[in-house]
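Structure first, then comments.
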Amino acid sequence: MKKFKALTKKICNKEVISYLIFGVLTTLVNIIISYLLKAFCHIEGNIASTIGIICSILFAYFTNRKWVFHSNAHTLKDKWIEFGKFILGRAFTMVVEIVGVFLLNDVIRSFYGMFNDNIAYLINKVLITFIVIVLNFFISKFFTFKSAVSEE
């Protein structure tokens, strides 16, 4: 039981809690924009997803930089390098998400026979986004903002 409490304390630190809060907000930006574009603007699902991802990436950079990982990049050059690393990491997970949404929405969608296309799309989008959130945390923590001060 002591090991479980120690692990819980280590995992549930301020940085992780902040990341989860802003991760939820980032995810909402992604899903809401993607869904609105598909359902109301009639934009094809993969394109709507890509636009939602781009909007959420920009939102995530500014929130993670300031409130989650407390960036130490102060010079313009350091900020651009940090932003480039963030974009590189997010580009990787964007590909993961695009491929995941494609596979779930266009290939496996037939398993969702009881749902209309928009609801099946939303379910698929939420599932793949969860995987992307976890990947993004580790990329941000150990690649993008690794020199940042983390609070435990």
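For this chain, numbers begin at 1 and follow the sequence in order.
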Ignoring hydrogens and geometry, is there a side-chain-to-backbone donor-acceptor pair from [X] to [Y] under 3.5 Å?
| X | Y | value |
| --- | --- | --- |
| Ser18 | Glu15 | no |
| Thr93 | Arg90 | yes |
| Thr27 | Gly23 | yes |
| Tyr19 | Val68 | no |

My understanding is that only one of Phe22, Phe69, Phe83 makes a ring pair (Phe, Tyr, Trp, His ring centres under 6.0 Å) with Tyr61; could you say which?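 Single pass found, and it is Phe83.
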Shared hydrophobic cluster, Leu76 / Phe62 (ILVMFWY, side-chain heavy atoms < 4.5 Å): yes
Verify same cluster id: Ile81, Leu88 (apolar side-chain graph, 4.5 Å):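 Different clusters.
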Once rounded to the nearest 0.5 Å, what's the spacing between atom [atom1] of [X] and atom [atom2] of [Y]?
| X | Y | atom1 | atom2 | answer |
| --- | --- | --- | --- | --- |
| Ile21 | Thr26 | CD1 | OG1 | 11.5 Å |
| His70 | Phe145 | NE2 | CZ | 11.0 Å |
| Ile51 | Ile43 | CD1 | CD1 | 4.5 Å |
| Ile31 | Ile53 | CD1 | CD1 | 10.5 Å |
| Ser56 | Ile33 | OG | CD1 | 7.5 Å |
| Ile98 | Thr50 | CD1 | OG1 | 3.5 Å |

Partners passing side-chain contact (heavy atoms from CB on, under 4.5 Å) against Lys38 (at least two apart in sequence or in another chain): Ala48, Asn118, Tyr121
Might you point out which heavy atoms bring [X] and [Y] nearest each other, and give the distance in Å?
| X | Y | value |
| --- | --- | --- |
| Gly100 | Ile128 | CA-CD1, 3.7 Å |
| Val101 | Ser49 | CG2-OG, 4.0 Å |
| Asn64 | Ser140 | ND2-OG, 4.3 Å |

With a 4.5 Å limit on heavy-atom distance, are the side chains of Phe137 and Val16 in contact?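 With C-beta onward as the side chain, the pair touches.
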Do Asn46 and Glu44 have a side chain donor and acceptor closer than 3.5 Å?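 Present: a donor and an acceptor within the cut-off.
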Taking only residues two or more places apart in sequence, or in another chain, which ones meet Ser34 in a side chain to side chain donor-acceptor pair (under 3.5 Å)?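 Counting only residues at least two positions away or on another chain, Ser34 forms a side chain to side chain donor-acceptor pair (under 3.5 Å) with Asn30.
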Within 45 degrees of the ring normal and closer than 6.0 Å to the centroid, is that where the cationic atom of Lys125 sits relative to Tyr35?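 No, Lys125 does not lie over the aromatic ring of Tyr35.
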Mark yes when over 12 heavy atoms from residues, nucleotides or ligands other than Phe92 sit less than 6.0 Å from its CZ; otherwise mark no. no
By the salt bridge (Lys or Arg N to Asp or Glu O under 4.0 Å) test, which pairs, at least two apart or in different chains, include something from residues 56-68?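 Non-adjacent pairs meeting salt bridge (Lys or Arg N to Asp or Glu O under 4.0 Å): Arg65-Glu82.
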Picking from Asn136, Leu135, Thr129, Ile131, what satisfies side chain to side chain contact (heavy atoms under 4.5 Å, CB included) with Ile133?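 The side chain to side chain contact (heavy atoms under 4.5 Å, CB included) with Ile133 is passed solely by Thr129 among Asn136, Leu135, Thr129, Ile131.
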